[in-house]
Amino acid sequence: QVRLVESGGGLVQAGDSLRLSCAASGGSISTFVDTFATGWFRQAPGLEREFVATISRNEKTYLADSVKGRFTISRDNAENTVYLQMNNLKPEDTAVYYCTASDLALTIGGVLDYALGKNYPYWGQGTQVTVSS
């Protein structure tokens, strides 16, 4: 069973930065190099879960328009860890952030769109990020 564990969330003020980490272990996917993509989704109270960022096996990155220019996703294959660097945080970034991993051949658009949560079989428990104004 693949296990994803997030860390790094917290309470910050608008304009501050945070770095989220996600460590993977176990299962048939022993390292991130064996997955096609790893990434982050978030869910705010009362809202649907939304895509934030993903990084493919060849380290191509995709970011939601709402976070472009502020968030960066990266991966350390040797450490089986994916990071989400969040700068210039805004109150609307407040949410539970979930780490995800997928061994599917994700695409831009279509049924295997990288931005669809259903295409990620593996999920962490989430970490809370709260941004005060």
Side-chain angles (χ1 to χ4, degrees):
Q1 183 70 26
V2 173
R3 183 167 180 252
L4 302 174
V5 179
E6 305 96 335
S7 62
L11 172 63
V12 297
Q13 294 185 334
D16 286 351
S17 297
L18 277 177
R19 189 177 79 159
L20 304 184
S21 300
C22 173
S25 62
S28 61
I29 300 178
S30 60
T31 67
F32 278 137
V33 294
D34 294 323
T35 66
F36 187 80
T38 52
W40 296 88
F41 283 71
R42 68 185 181 186
Q43 188 166 21
L47 299 180
E48 293 186 355
R49 182 180 60 193
E50 65 174 353
F51 168 77
V52 177
T54 196
I55 182 167
S56 69
R57 184 167 55 187
N58 61 1
E59 302 200 42
K60 186 173 179 61
T61 62
Y62 303 93
L63 295 163
D65 288 342
S66 59
V67 304
K68 283 180 180 177
R70 300 187 298 122
F71 291 13
T72 303
I73 186 170
S74 61
R75 191 172 72 198
D76 185 333
N77 292 333
E79 296 295 326
N80 295 339
T81 301
V82 64
Y83 302 100
L84 185 68
Q85 178 66 43
M86 306 185 294
N87 298 328
N88 190 23
L89 283 161
K90 303 176 181 181
E92 52 263 43
D93 295 318
T94 295
V96 177
Y97 283 70
Y98 296 92
C99 176
T100 63
S102 177
D103 50 355
L104 300 176
L106 300 181
T107 59
I108 301 174
V111 296
L112 291 178
D113 189 351
Y114 65 83
L116 296 177
K118 67 181 182 66
N119 291 325
Y120 293 81
Y122 308 103
W123 291 78
Q125 292 300 307
T127 185
Q128 177 70 46
V129 172
T130 303
V131 184
S132 64
S133 58

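Bear in mind the structure is a predicted one, so any value in this text is a computation, not a measurement.
No side-chain donor-acceptor contact under 3.5 Å links D76 to the backbone of T81. The backbone N or O of Y83 lies less than 3.5 Å from no partner atom in the side chain of S21, so there is not a single donor-acceptor pair. K118 contributes a side-chain N or O that, together with a main-chain N or O of V111, makes up a donor-acceptor pair within less than 3.5 Å. E6 contributes a side-chain N or O that, together with a main-chain N or O of Q125, makes up a donor-acceptor pair within less than 3.5 Å.
Enclosure of atom CD in Q128 by more than 12 non-hydrogen atoms of other residues, nucleotides or ligands within 6.0 angstrom is indicated. For K60, the NZ atom is loosely surrounded, since the number of other residues' heavy atoms within 6.0 Å does not exceed 12.
R75 and E59 get closest at one heavy-atom pair: NH2-CG, 3.7 Å. Considering every non-hydrogen atom in both L18 and L89, the closest pair reads N-CD1, 3.9 Å. Of all the heavy atoms in L112 and A105, the pair that sits closest is CD1-O, 3.6 Å. Taking all atoms of both residues into account, the shortest heavy-atom contact from L63 to A53 is CD2-CB, 3.2 Å. Here the closest heavy-atom approach between residue L4 and residue C22 is recorded as CB-SG, 3.9 Å. Closest approach of P121 to A101, counting heavy atoms only: CD-O, 3.3 Å.
With contacts defined as side-chain heavy-atom distances shorter than 4.5 Å, the pair R42/L84 does not qualify. Using a 4.5 Å heavy-atom threshold, the side chains of I108 and Y114 count as touching. Within the 4.5 Å cutoff, the side chain of C99 has heavy atoms near those of the V82 side chain. Here the side chains of Y98 and Y120 are not in contact, with every heavy-atom distance at 4.5 Å or above. Side-chain atoms of F71 and W40, non-hydrogen and from C-beta on, never get closer than 4.5 Å to each other. Counting only heavy atoms from C-beta outward, the side chains of P91 and S132 never approach each other to under 4.5 Å.
Note that the CG atom of D113 and the OG1 atom of T54 stand 10.5 Å from one another [nearest 0.5 Å]. Separation of atoms CG (L106) and CG (L116) is listed at 9.0 Å; rounding is to 0.5 Å. In this structure, the separation between CD on Q13 and OG on S133 is 9.0 Å, given to the nearest 0.5 Å. Atom OG1 of residue T72 and atom CG of residue N87 lie 6.5 Å apart, to the nearest 0.5 angstrom. Atom-to-atom distance recorded for R57:CZ and N77:CG is 11.0 Å, nearest 0.5 angstrom. Considering OG1 of T94 and CG of L11, their distance stands at 8.5 Å, rounded to 0.5 Å.
Salt-bridge formation is detected for the pair D65/K68: a Lys NZ or Arg NE/NH1/NH2 atom is positioned less than 4.0 Å from an Asp or Glu carboxylate oxygen.
Partner S17 forms a side chain to side chain contact (heavy atoms under 4.5 Å, CB included) with one of R70, M86, Q85 and no other, that one being Q85.
The aromatic rings of F41 and W123 lie tilted to each other, with the angle between the two planes from 30° to 60°.
Y97 and V5 fall into different hydrophobic clusters, where Ile, Leu, Val, Met, Phe, Trp and Tyr are joined by side-chain heavy atoms under 4.5 Å apart, directly or via other members.
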